[in-house]
Amino acid sequence: MAMNEYALDVQGVSKVFRRGEKHGYLRDLVPALTRRLMRLGPAPDPATQMFWALKDVSFQVKRGEAFGIIGANGAGKSTILKILTGIMHPTHGAVHVAGRVSALIEVGAGFHRDLTGRENIFLNGAILGLSKQEIQQRFDAIVAFSGLEDFIDTPVKRYSSGMFARLGFSVAAHVDPSVLLVDEVLSVGDYVFQRKCVERMNSVIASGVTIVFVSHNLRELANLCPRSLLLEHGTVQMIGPTDDVIRTYFGRGQQPRVADPARGIMITEVSVRDEHGPAVEFTSGGKLYVTVEAQGQIRHDEISVVIQIVDDHQYPVFDTCTERLAGGRELSLDRNETLRCTFELDLSLAQGTFHVNAYLHRYLTNHPYDRWMSAATFFVSGAPEARGVVTLHPRLIECEIRPSEEPVASRPSVAP
């Protein structure tokens, strides 16, 4: 391995944990000891007490690269981060890191609630590996970034949870490591501060720092990381372009469809793409193409294909169907035939995460044939001027400041 090329090299890392009895109270410990002494019941099989959190995980991250790790809860993401930081050692395999490692894993970890914000900056900075001189040099920038200038000499126990998290992120974000590990910290504080966090990450990436980013916020991960790894049950399922990895992750986690085989027709595929091909991230104002495929086992007439765009809370944003778009034309599908419909949409959505629900039904009677909820998921970016679900493409056409007219209260009264 050429360490001059790679900042991080993980080779065949596995981690095993032992499932053991934990007794927090004497009333639980005494019966357990009694059973062991009397040998009541079969002894547990040692093999069944072993849990492999990671199994033969290997990947490399180049210097200056932003690399994502994606996976469901329990996939092993936190375990690999702890191994990368040195908190935990692997059972098998090796990790090689070139340079200094810093972690944005739990903002505010190490804060003392009775100390002021100022005192906690020095305490937390020391925990993160900064010298007193380095903290002094960065102190003003840390406070300005947090926006807590008026409260910096207040004990942090009086801070709100958002203020606490903002100060913690601000300290950690001003450490200058060679490799930065980021775990679910870009959602701290309010919306404005979250934007500052993302901008800070972008500037860190631009400065050449290597970043390993773990998050369930896949939209931000797609924005920051060109390449990612998909973990599932502790094993590497895929390493490649982030859009491809996210699409694979969604494909494995799609919601089950409500389908009745007795109806003899089923949606077999729902996909989204842009002008260039399959995609996960789209730009507001661009084009979105949604393709729905269905197969029939028996003949069906008067079929309508419906697509519905919903937000992350399944709130309907938009829907349309072939019946309305084709001027009342009815579709028919015979046995062993495949129906394929592609919808072209102008993507006037604001930034956010959206899902596609697909339906097959008989239009006139609204008789359902099949449905697939959250069959595809996509992100929209590029509309920072808009908040909400849709964008109405706002433009500022007038904004001026001029002297006010004489206040009504100061004008002389006129007798009737």
Side-chain angles (χ1 to χ4, degrees), residues 66 68 147 186-203 205-206 213 215-226 241-244 246-247 250 270-292 304-327 341-359 372-402:
L186 297 187
S187 59
V188 301
D190 54 27
Y191 177 83
V192 174
F193 189 76
Q194 289 176 27
R195 292 296 93 202
K196 288 177 65 175
C197 293
V198 172
E199 290 169 6
R200 178 65 181 178
M201 288 297 99
N202 283 322
S203 67
I205 294 170
F213 185 30
S215 179
H216 290 292
N217 186 341
L218 299 183
R219 180 167 63 88
E220 295 298 352
L221 191 143
N223 286 335
L224 293 171
C225 304
T242 298
D243 275 9
D244 295 343
I246 291 176
R247 194 160 50 249
F250 283 148
V270 178
S271 60
V272 294
R273 64 177 177 86
D274 59 17
E275 295 94 334
H276 307 292
V280 172
E281 186 173 6
F282 296 80
T283 301
S284 180
K287 296 287 186 181
L288 170 70
Y289 298 89
V290 180
T291 298
V292 179
S304 182
V305 181
V306 181
I307 60 166
Q308 182 182 53
I309 308 297
V310 298
D311 66 12
D312 227 6
H313 303 287
Q314 283 292 317
Y315 185 84
V317 174
F318 169 84
D319 73 67
T320 189
C321 69
T322 53
E323 183 85 12
R324 294 178 228 152
L325 296 176
C341 296
T342 298
F343 300 81
E344 178 185 306
L345 306 176
D346 292 329
L347 207 55
S348 296
L349 293 173
Q351 294 185 159
T353 303
F354 300 91
H355 310 273
V356 180
N357 298 336
Y359 305 84
W372 192 346
M373 309 301 288
S374 296
T377 299
F378 62 94
F379 310 118
V380 177
S381 60
E385 75 284 351
R387 295 284 301 276
V389 176
V390 303
T391 177
L392 302 182
H393 305 292
R395 294 170 297 280
L396 186 64
I397 62 172
E398 184 179 7
C399 182
E400 64 176 0
I401 299 175
R402 60 187 180 186

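These numbers come from a predicted model, not from an experiment.
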Got a donor-acceptor contact below 3.5 angstrom from the [X] side chain to the [Y] backbone?
X: Thr391; Y: Ser348; result: no
X: Thr242; Y: Cys225; result: yes
X: Asn357; Y: Gln308; result: no
X: Arg395; Y: His393; result: yes

Would you say the side chain of [Y] lies within less than 4.5 Å of the side chain of [X], judging by non-hydrogen atoms?
X: Val272; Y: Val356; answer: yes
X: Glu344; Y: Val290; answer: no
X: His355; Y: Val310; answer: yes
X: Ser374; Y: Gln314; answer: yes
X: Arg324; Y: Asp319; answer: yes
X: Asp311; Y: Thr353; answer: no

*asked:* Set out, in order, the CA-CA distance, both residues' side-chain angles and the distance that settles side chain to side chain contact (heavy atoms under 4.5 Å, CB included) for Phe354 and Val380, then state yes or no.
replied: CA-CA 8 Å; Phe354 300 91; Val380 177; 3.8 Å; yes
Hey, are Ser381 and Glu281 close enough side-chain-wise for a donor-acceptor pair under 3.5 Å?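 Yes, Ser381 and Glu281 have a side-chain donor paired with an acceptor closer than 3.5 Å.
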I need the minimum non-hydrogen distance between [X] and [Y], along with the two atoms involved.
X: Ile246; Y: Ala222; answer: CD1-CB, 3.9 Å
X: Ala350; Y: Gly388; answer: CB-O, 3.6 Å
X: Thr322; Y: Cys341; answer: CG2-SG, 4.0 Å

| Taking NZ, NE, NH1 and NH2 as the nitrogens, is one of them in Lys287 or Asp274 under 4.0 Å from a carboxylate oxygen of the other? |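 No, no charged N to carboxylate O under 4.0 Å.
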For the atom pair [atom1] ([X]) and [atom2] ([Y]), what is the distance rounded to the nearest 0.5 Å?
X: Ile309; Y: Tyr315; atom1: CD1; atom2: OH; answer: 15.0 Å
X: Phe250; Y: Thr377; atom1: CZ; atom2: OG1; answer: 4.5 Å
X: Thr320; Y: Leu345; atom1: OG1; atom2: CG; answer: 8.0 Å

**Q.** Derivation of the side chain to side chain contact (heavy atoms under 4.5 Å, CB included) call for Val305 and Phe343
**A.** CA-CA 10 Å; Val305 181; Phe343 300 81; 4.2 Å; yes
Parallel, tilted or perpendicular, judged at 30° and 60°: which one describes the rings of Phe282 and Phe378?
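Taking Phe378 first and then Phe282, their aromatic rings stand perpendicular (interplane angle over 60°).
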Side chain to side chain contact (heavy atoms under 4.5 Å, CB included) between Ile307 and Val292, worked out
CA-CA 8 Å; Ile307 60 166; Val292 179; 3.8 Å; yes
(request) Verify side chain to side chain contact (heavy atoms under 4.5 Å, CB included) between Leu347 and Thr283, making sure each step is shown before the conclusion. (result) CA-CA 8 Å; Leu347 207 55; Thr283 301; over 6 Å; no
